[in-house]
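Worksheet for the structure shown next.
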Amino acid sequence: MAYWLMKSEPDSWSFDQQKKTGRKGAEWDGVRNFQARSNMKAMRRGDLAFFYHTGEEKAVVGIVKVIAEAHQDSTDPTGQWQCVDVAAVEGLPRPVTLAEVKAHAKLKDMKLARNPRLSVQPVTLQEWAIICKLGGLAKPPET
DNA sequence: GCCAACGTTGGC
DNA sequence: GCCAACGTTGGC
């Protein structure tokens, strides 16, 4: 069981859109970065990920679950890129902003703060728990 | 809208 | 295989 963080520009794909796809979820397509790809290849069914909005919001807004492991990205004609499928689990009652992450002693070394350009990144259990709490969840979701 | 940081590409 | 140039991302 691993934890991740996936970033999206809400204008192109938002957590609200993700929620509308319900339990069947959607492909996390369009990733064209080797590091992000290798992170997606390491994902297993049932892993959980934060859904982060870039741009205006710059905040973790929800949680998604990996429902299909890495497979061909249907939007890639060259066939070299892959994606996973994710489904919304729940939104955070209170979004956790990038500013808060950077200000928090235990979170400021997160990849999110250090390398904001990596679109799919691992999150430690400790980071996961802290952000869930800051986000207003009584307890982190179960798989 | 600008700029810094990073990743990727291509020439040597 | 190295490195400069370029393009893109994302924060400010």
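A heavy-atom distance below 4.5 Å is found between the side chains of A:Leu112 and A:Leu5. Two residues are said to be in side-chain contact when any heavy atoms from C-beta on lie closer than 4.5 Å; A:Arg44 and A:Val66 fail this criterion. Counting only heavy atoms from C-beta outward, the side chains of A:Ile63 and A:Phe51 never approach each other to under 4.5 Å.
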Reading nucleotides 2-8 of chain B 5' to 3', which nucleotides get B (base under 4.0 Å from a protein heavy atom), which S (sugar-phosphate only), which -?
---BBSS
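Residues A:Asp47 and A:Lys65 are not paired through a salt bridge, judged by the lack of any N-O separation under 4.0 Å between the basic side chain and the carboxylate.
Atoms CD (A:Gln121) and C1' (C:dG10) sit 13 Å apart, rounded to a whole Å.
Nearest approach of A:Asp73 to A:Gly30, heavy atoms of both residues: OD2-N, 2.9 Å. Nearest heavy-atom pair across A:Pro95 and A:Ala59 is CB-CB, 4.0 Å.
Within the model, atoms CG of A:Asp85 and CE of A:Met43 stand 11.5 Å from one another, a figure rounded to the nearest 0.5 Å.
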Counting Watson-Crick and G-U wobble pairs with both distances under 3.5 Å, what is the dot-bracket string for DNA chain C, 5' to 3', using [ ] for crossing pairs and | for pairs to another strand?
||||||||||||
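Near DNA chain B, meaning a heavy atom under 4.0 Å from it, residues 10-19 of chain A has no residue at all.
Within the 6.0 Å centre-distance limit, the rings of A:Trp81 and A:Phe34 are counted as a close aromatic pair.
Checked by atom type and distance alone, the side chain of A:His53 pairs as donor or acceptor with a backbone atom of A:Phe15 at under 3.5 Å.
Under 4.0 angstrom from either OP1 or OP2 of C:dG11 there lies at least one side-chain N or O belonging to A:Tyr52.
Side-chain contact, A:Thr75 with A:Arg32: a donor N or O sits under 3.5 Å from an acceptor N or O.
Among the atoms of the strands shown, only primed sugar atoms or phosphate atoms (P, OP1, OP2) are found under 4.0 Å from some heavy atom of A:Leu98.
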